[in-house]
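Values in this document were obtained by computation on a predicted structure and should not be read as measured data. All residue numbers refer to positions in the sequence shown, counting from 1.
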Amino acid sequence: MSTIIELLKEKKLLVIDGSFASELEKAGLNLCDSLWSAKALYENPELVTKVHESYFESGADIAITGSYQAHVQGLLDKGFTHEKAIELIKLSVKLAKKAKENCLKKHPERKLAIAAAVGPYGAYLADGSEYVGNYGLSVKELEEFHEEKIEALASENPDFFAFETIPSFDEARAYVNILKRHENITGWFTFSCKDEKHISEGVEISEVAKFLDKENQVHAIGVNCTKPEYIEPLICEIKKATDKPVAVYPNTGENYDPVTKTWSGEPVDFTKYAKRWYESGAKLIGGCCRTSPEEIKAVCNFAKSI
């Protein structure tokens, strides 16, 4: 297993993959479902591996598993047994590992990593709450919701974890408490943010970064699924509070309507922004919603130039 820290000893910039769901939709999978992209784990697992491979072939160093919305309770709500729910969560890591192995057969010189995705409680709600927070749950309740999934993912030995699109300080606290009971787990914490300074729930991101700075199992702190124009100032706010590596993988700048589950607006020039994010201090850069292997390839080309 690699760690973020080990990988950064060899590369100035690590490239994270792009949108998983967008590529599934391009392939014809209907994601209008409470499980969203996680439905591919049981409907078309071969496609899951293919999408991961497409990002590795574009040059990405890190693939994030398709487990973002695969929460135990959400799978139970869809009628799966508890045993099957755990099996599907584990499968997300197995499929990403298969893609990694396939790529390494062709490119044995590369160092690739798998990050196990843990989406927030808001992803389970499937109503856009990952961009709001304020769930009305205690830290303890959030721990109880997430821990079984995290244990299932950890049992398949991903390289590290991606605790992502976190809108709430309490949810970050819950994750930290779980990590303290599972000392072998490391990873990054990335937050959804509503502006240049605050995570979605309203807390300043510098305050959250200060809290996470002392946590040894948190190897990077950053932002994902947030408007590109907010990323540069957010990086600066994070770096005020910590020397840990900063990870950013925003969306393309288009606007999402969680009610109609549609996008509007125009995408930004991802390459131009990636250069600015790196110069501001980001050490891991990738893409979230609506990004594709083309955007990731552009980031990889920039990474080769530094």
Side-chain angles (χ1 to χ4, degrees), residues 19-21 24 29-45 48 51-52 63-96 114-156 158 160-179 181-182 185 187-192 200-201 224-225 256 258 261 288-289:
S19 175
F20 179 61
L24 295 175
L29 197 65
N30 183 353
L31 301 185
C32 290
D33 189 274
S34 61
L35 292 180
W36 193 44
S37 59
K39 70 181 292 196
L41 296 173
Y42 63 88
E43 280 200 356
N44 199 333
V48 172
V51 170
H52 289 315
I64 302 174
T65 62
S67 52
Y68 175 81
Q69 207 134 321
H71 293 98
V72 176
Q73 189 58 52
L75 290 162
L76 293 175
D77 292 347
K78 291 293 289 187
F80 291 102
T81 65
H82 183 267
E83 181 181 9
K84 185 64 176 180
I86 297 299
E87 179 185 318
L88 287 170
I89 290 168
K90 291 181 177 182
L91 180 63
S92 69
V93 180
K94 293 175 181 176
L95 295 174
I114 304 300
V118 178
Y121 181 78
Y124 157 68
L125 297 176
D127 62 359
S129 293
E130 59 261 64
Y131 307 109
V132 181
N134 300 306
Y135 308 132
L137 299 180
S138 67
V139 172
K140 183 64 176 176
E141 287 171 323
L142 289 168
E143 288 177 47
E144 291 170 351
F145 176 80
H146 287 295
E147 188 155 21
E148 190 173 23
K149 171 180 177 173
I150 292 169
E151 289 174 345
L153 291 168
S155 71
E156 293 299 325
F160 39 83
F161 275 65
F163 298 93
E164 56 182 4
T165 328
I166 310 167
S168 160
F169 199 165
D170 276 350
E171 195 149 36
R173 290 187 178 98
Y175 289 144
V176 165
N177 290 345
I178 293 170
L179 291 187
R181 296 192 287 272
H182 302 277
I185 295 176
W188 70 61
F189 280 43
T190 53
F191 296 81
S192 66
S200 291
E201 201 170 67
N224 78 292
C225 212
Y256 180 66
K261 301 188 186 304
C288 203
C289 295

(request) Quick one: pull up NZ in Lys90 and CD in Glu151 and give me the separation to the nearest 0.5 Å. (result) 10.5 Å
(request) Identify the two heavy atoms, one from Ile89 and one from Ala152, that lie closest to each other, and give their separation to 0.1 Å. (result) CG2-CB, 3.9 Å
(message) Checking the side chain of Glu201 only, and the main-chain atoms of Asn134 only, is there a donor and an acceptor separated by less than 3.5 Å?
(response) yes
(request) Please determine, by modelled atom types, if Asp77 and Tyr124 share a side-chain donor-acceptor pair under 3.5 angstrom. (result) yes
(message) Working to the nearest 0.5 angstrom, can you tell me the gap between Ser92 OG and Ile64 CD1?
(response) 12.0 Å
(message) Which label fits Phe191 and Phe189: parallel for a plane angle under 30°, tilted from 30 to 60°, or perpendicular past 60°?
(response) tilted
(message) Please check this pair: side chain of Glu171 against backbone of Tyr121, looking for a donor-acceptor N/O pair closer than 3.5 Å.
(response) yes
(message) Donor-acceptor check, side chain of Gln69 to backbone of Gly119, threshold 3.5 angstrom: yes or no?
(response) no
(request) Answer whether the closest heavy-atom distance between the side chains of Phe20 and Tyr68 falls below 4.5 Å. (result) no
(message) Can you tell me how far apart CG (Leu142) and OG (Ser168) are? Round to the nearest 0.5 Å.
(response) 6.5 Å
(request) Could you tell me whether Glu87 and Lys84 make a salt bridge, using a distance below 4.0 angstrom between a side-chain N and a carboxylate O? (result) yes
(request) For Ser67 and Ala117, indicate whether the former's side chain and the latter's backbone hold a donor-acceptor pair under 3.5 Å. (result) yes
(request) Give a yes-or-no answer on whether the side chains of Asp127 and Ser129 include a donor-acceptor pair shorter than 3.5 Å. (result) yes
(request) Any chance you could lay out the side-chain contact (heavy atoms from CB on, under 4.5 Å) test for Glu143 and Arg173, step after step, and finish with the verdict? (result) CA-CA 9 Å; Glu143 288 177 47; Arg173 290 187 178 98; over 6 Å; no
(request) Please confirm whether the backbone N or O of Thr165 pairs with a side-chain atom of Asn224, one donor and one acceptor, at under 3.5 Å? (result) yes
